[in-house]
Amino acid sequence: MPRFTEHNGIIFTEGKFPGEILGPVKSEISRQNALLSDLKTNLAREVKLKGGDALIDFTYGQAAHKGMRKFSPFKWDTESLKGNGIAIKLSVDPRRLEGDLE
């Protein structure tokens, strides 16, 4: 079983869990030193809006702004924190399963 974390009632995993696929979800915070917890809060809200309770194939990372966006007079930073995954409605809640979580 894949490892997972929970944030705002939503299960996050870089792996897969069985469930009904509801669609892709993504979020971006356009400032340097953004917190992963802030990104997860945004993604959790999007998963809930789709009627889901988990985000599978979760990936995140920091990326430099490109092109004219990098030189915008309204931005003080040069990087964004981005995250995405697939919202699902779990068929089995992994918090209720016993045994190895790997």
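All residue numbers refer to positions in the sequence shown, counting from 1.
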*Mind checking ring pair (Phe, Tyr, Trp, His ring centres under 6.0 Å) for Phe12 and listing every partner two or more places apart, or none if nothing turns up?*
Phe58
*Which heavy-atom pair separates Leu90 from Ile88 by the least distance, and what is that distance?*
CD2-CD1, 3.6 Å
Check residues 18-26 and write down every donor-acceptor pair under 3.5 Å in which the side-chain atom is one partner and the other belongs to a residue at least two apart or another chain.
none

*Can you name the closest pair of heavy atoms from Pro94 and Ile11 and give their distance?*
CG-CG2, 4.3 Å
*Check whether any side-chain N or O of Ser27 sits under 3.5 Å from a backbone N or O of Gly83 as a donor-acceptor pair, and report yes or no.*
no
*Under 3.5 Å: donor-acceptor pair, side chain of Lys82, backbone of Ser30*: no
_salt bridge (charged side-chain N to carboxylate O under 4.0 Å, His left out) against Lys16, all qualifying residues, sequence neighbours excluded_ = Asp57
*Quick one: list whatever passes salt bridge (charged side-chain N to carboxylate O under 4.0 Å, His left out) with Lys89, sequence neighbours left out.*
Asp53
Taking only distance into account, with no hydrogens and no angle test, what donor-acceptor pairs under 3.5 Å do side-chain atoms of residues 33-40 form with protein atoms, sequence neighbours excluded?
from  : atom 1 : to    : atom 2 : distance (Å)
Asp38 : OD2    : Arg31 : NH2    : 3.2
Lys40 : NZ     : Thr5  : OG1    : 2.9

*Taking atom types as modelled, find out whether Thr59 and Asn84 have a side-chain donor-acceptor pair closer than 3.5 angstrom.*
yes
*Distance in Å, Gln62 CD paired with Ile29 CD1, rounded so as to fall on 0.5 Å steps*: 10.5 Å
*Do Asn42 and Arg45 come close enough that some side-chain heavy atom pair is under 4.5 Å?*
yes
*Taking it one step at a time, do Thr13 and Leu55 satisfy side-chain contact (heavy atoms from CB on, under 4.5 Å)?*
CA-CA 6 Å; Thr13 183; Leu55 187 70; over 6 Å; no
*asked:* Rounded to the nearest 0.5 Å, what separates atom NZ in Lys50 from atom CD1 in Ile86?
replied: 10.5 Å
*Residues in salt bridge (charged side-chain N to carboxylate O under 4.0 Å, His left out) with Glu14, at least two apart?*
none
*If every non-hydrogen atom of Ala54 is compared with every non-hydrogen atom of Ile10, which pair is closest and at what distance?*
CA-CG2, 3.9 Å
